[in-house]
Amino acid sequence: QVQLVESGGGLVQAGGSLRLSCAASGRTLSTYTVGWFRQAPGKERVFVASIRRYSAIPRYADSVKGRFTISRDDAKNTVYLEMNSLKPEDTAVYYCATTAGFALLVISNVDYWGQGTQVTVSS
């Protein structure tokens, strides 16, 4: 059992930056691939970024590549999402998620979800 708590969301102007954190408890995150999804009002939940277990290889959605950076600090049992050059279309609830084993982090493979944190980008 893994509990995930996101923080760092808020209101920011276009072009600004936010740093989201996903803090885990219950078990260490070191054996999990961890990442982020987001869901805008009336839209489906979509993949944003992930960071592979052990190797820490990152993967990004094309919509955020070059603007967002995912990282992990296993000593702190925390994963971060640094979001730069934010756009109004980045406005969404951002969810931390994990998958175990060798699976890619896609919605169908998510083992645990966080509660979400709101990110609002004003134009």
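These numbers were taken from a predicted model, which means no experiment stands behind them.
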[X] side chain vs [Y] backbone, donor-acceptor pair below 3.5 Å:
| X | Y | result |
| --- | --- | --- |
| Thr120 | Thr91 | no |
| Arg45 | Tyr95 | no |
| Asp111 | Ala100 | yes |
| Thr78 | Lys76 | yes |
| Glu6 | Cys96 | yes |
| Arg53 | Gly101 | yes |
| Asn77 | Arg27 | yes |

Hydrophobic cluster membership, with links at side-chain heavy-atom distances under 4.5 Å among I/L/V/M/F/W/Y: are [X] and [Y] in one?
| X | Y | answer |
| --- | --- | --- |
| Val93 | Ile107 | yes |
| Phe68 | Phe47 | no |
| Val121 | Leu18 | yes |
| Leu20 | Leu86 | yes |
| Leu4 | Met83 | yes |

Could you give the distance from [atom1] ([X]) to [atom2] ([Y]), rounded to the nearest 0.5 Å?
| X | Y | atom1 | atom2 | answer |
| --- | --- | --- | --- | --- |
| Leu104 | Arg59 | CG | CZ | 5.0 Å |
| Gln13 | Ser123 | CD | OG | 9.5 Å |
| Leu81 | Cys22 | CG | SG | 10.5 Å |
| Ser30 | Tyr54 | OG | OH | 6.0 Å |
| Trp36 | Tyr80 | CH2 | OH | 10.5 Å |

Task: Lys NZ or Arg CZ of Arg52 over Phe102 ring: under 6.0 Å, within 45° - done: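 Not satisfied by the 6.0 Å and 45° rule.
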- [ ] Determine the interplanar angle of the Tyr112 and Tyr32 rings, folded into 0 to 90°, and report it as parallel if under 30°, tilted if 30 to 60°, perpendicular if over 60°.
- [x] perpendicular
Open item on the list: Against Leu105, only a single residue in Val34, Thr99, Val48, Thr98 fulfils side chain to side chain contact (heavy atoms under 4.5 Å, CB included); can you say which?
Closed with: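 Exactly one option meets the side chain to side chain contact (heavy atoms under 4.5 Å, CB included) with Leu105, and it is Thr99.
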Open item on the list: If I compare all heavy atoms of Asn84 with all of Ser17, which pair ends up nearest, and what's the gap?
Closed with: OD1-OG, 2.8 Å
- [ ] State, yes or no, whether a side-chain contact exists between Ile70 and Val79 at a heavy-atom distance under 4.5 Å.
- [x]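 The answer is yes; the side chains approach within 4.5 Å.
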